[in-house]
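Bear in mind the structure is a predicted one, so any value in this text is a computation, not a measurement. We count residues from 1, following the sequence as given.
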Amino acid sequence: MPLRTDLVTALLGVWFGVGLMIDAWAHTTQAELETFFTPWHAVFYSGFAVVSGWILWQVWRNVRTGRQGLAAVPTGYLAGLVAVPAFAAFGFADMMWHTILGIETSLDILFSPSHLGLVVSMLLIITTPLRSAWNAPDIGDRPTLGRLLPALIGLAFATTLVSLFLSYGDAMQYQSLRIVEAFSTVEENGASRLALAMVVTNVIMLAPVLFLARRWQLPFGSVTVMYTIAVLMPGAQTEFTNVPVLASFMVAGLVSDLLIRRLRPSGRRRGAYWAFAGLSALATWSLYLGFSSVVAGHLPAVPELWTGTPVIAGLIGLALGALLLPNAVGSEPAAGPAASSVVDAGRA
């Protein structure tokens, strides 16, 4: 699809995603919710309506030109198209669930079958620009930030969905003082809970970036854009009372972009890819603890915790890199006229 079409799809997906963030905020902060029909649901479901209408319109335009069946569905849009009626069905089921069983306001909200159906179908819809860009003939292996922006927006909002439904293990929801206090003692379970949350959040944040870096040489700013969007969901859930922690991730996105510029990780450069995976995670969680310590005015009291957890994060990042790219998908062409050409398997 043309860039303009994918950009509109992504921006309408922003409406959809922000509607979910507002709804998540309401469920977290408004304990008196007693009905399905709320302003928050209105924003959320209107977002679904506009992005779904846009996807259907793209199919209808192709039908009018004479295309039939699957040929009328733009490349990358099929999964999103199938998810539209699925989301509507789960939305109806969610309304009936709330009407009969009431409104969830605690941990149970993350395990409701209707909510799980909504999030899976929503994920398919908002990642439509990513699938469209994946095999777009004009994008190449080294896209500009503007060309890749719709895909980045879609995948970043998908990341927020995952973080929402794993929010019981979300380190981004911690406040700075709580982080420092948790790592100041090993006598309680606060340290183990935070360490586990850091592991979960590390995977949630880094895996999408590595997924993209395997396919493209990411342009500068890509990770900053993704991390800036990704912090919006935990920010909404905490009413942005943990801004320094969220800011640390935005800075970590910038550091990761600098690492990409220096290392040039890609599917063909396995060593650089692995190095980026480990160093990006190490930098992210060093900044996380560093920002928190500055706000608290002192480092956590247990040095093994605040020095060791970023290293653990880096090792997990390295493991993710090895998992996603166990073998280089090709090799850089050798110098000289006898160099043989290689085909990037990610284009298939």
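- Rounding to the nearest 0.5 Å places OG1 of Thr241 at 13.5 Å from OH of Tyr174.
- Applying the side-chain hydrogen bond (donor to acceptor under 3.5 Å, both in side chains) test to residues at least two apart or on different chains, the pairs with a partner in residues 270-280 are Ser256-Ser280.
- Side chains of Arg178 and Gln175: a donor-acceptor N/O pair is absent below 3.5 angstrom, by distance only.
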Q: Walk me through it: do Ile125 and Ile55 pass the test side-chain contact (heavy atoms from CB on, under 4.5 Å)?
A: CA-CA 9 Å; Ile125 292 171; Ile55 291 174; 4.1 Å; yes
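- Remark: the Ser293 side chain and the Trp306 side chain contain no N/O donor-acceptor pair separated by less than 3.5 Å.
- Side-chain atoms of Trp15 and Ser46 form a donor-acceptor pair, as typed in the model, at a separation below 3.5 Å.
- Taking CD from Glu181 and CG from Leu194, the interatomic distance works out to 11.5 Å, rounded to the nearest 0.5 Å.
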Q: Show the numbers, then the answer: is there a side-chain contact (heavy atoms from CB on, under 4.5 Å) between Val120 and His115?
A: CA-CA 9 Å; Val120 171; His115 287 170; over 6 Å; no
(Q) Working note: Phe211 + Trp134, criterion ring-ring contact (aromatic ring centres under 6.0 Å, His included); need CA distance, chi angles, decisive distance, verdict. (A) CA-CA 11 Å; Phe211 176 72; Trp134 195 263; 5.0 Å; yes
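- Of the inter-residue distances, the one linking Arg261 atom CZ with Leu218 atom CG reads 13.0 Å to the nearest 0.5 angstrom.
- Counting heavy atoms from C-beta outward, Val18 and Leu232 have side chains that stay 4.5 Å or more apart.
- Contact of the Val186 side chain with the Leu305 side chain is registered, since non-hydrogen atoms from C-beta on lie closer than 4.5 Å.
- When all heavy atoms of Met21 and Ala236 are compared, the closest pair comes out as O-CB, 3.8 Å.
- Without hydrogens or angle criteria, Asp257 side chain to Ser222 main chain gives a donor-acceptor distance under 3.5 Å.
- When hydrophobic side chains of Ile, Leu, Val, Met, Phe, Trp and Tyr are connected at separations under 4.5 Å, Phe220 ends up clustered with Leu254, Leu258.
- Note that CZ of Arg264 and CD of Gln217 are 6.5 Å apart. Values are rounded to the nearest 0.5 Å.
- For the atom pair CG of Leu210 and CG of Leu320, the computed distance is 6.0 Å after rounding to the nearest 0.5 Å.
- Taking each heavy atom of Leu148 and Pro219 in turn, the nearest pair found is CD2-CD, 3.8 Å.
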Q.
I'd like to know whether His298 forms a side-chain contact (heavy atoms from CB on, under 4.5 Å) with Val180, so could you lay out the CA-CA distance, the side-chain angles of the two residues, the decisive distance to 0.1 Å, and finally the verdict.
A. CA-CA 8 Å; His298 61 89; Val180 173; 3.4 Å; yes
Q: Begin with the C-alpha distance, continue with both residues' side-chain angles, and end with the deciding distance and a verdict on side-chain contact (heavy atoms from CB on, under 4.5 Å) for Arg214 and Val329.
A: CA-CA 9 Å; Arg214 190 182 187 278; Val329 297; 3.4 Å; yes
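- Atom-to-atom distance recorded for Thr224:OG1 and Phe249:CZ is 14.0 Å, nearest 0.5 angstrom.
- The side-chain tip of Arg142 does not point at the ring of Trp216 from less than 6.0 angstrom away and within 45° of straight on.
- Two rings, from Phe16 and Phe87, have their centers less than 6.0 Å apart.
- Each of Leu118, Leu161, Thr160 was checked for a side-chain contact (heavy atoms from CB on, under 4.5 Å) with Leu20, and the lone residue meeting it is Leu161.
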Q. Can Asn202 and Tyr288 be said to form a side chain to side chain donor-acceptor pair (under 3.5 Å), step by step?
A. CA-CA 11 Å; Asn202 187 30; Tyr288 176 84; over 6 Å; no
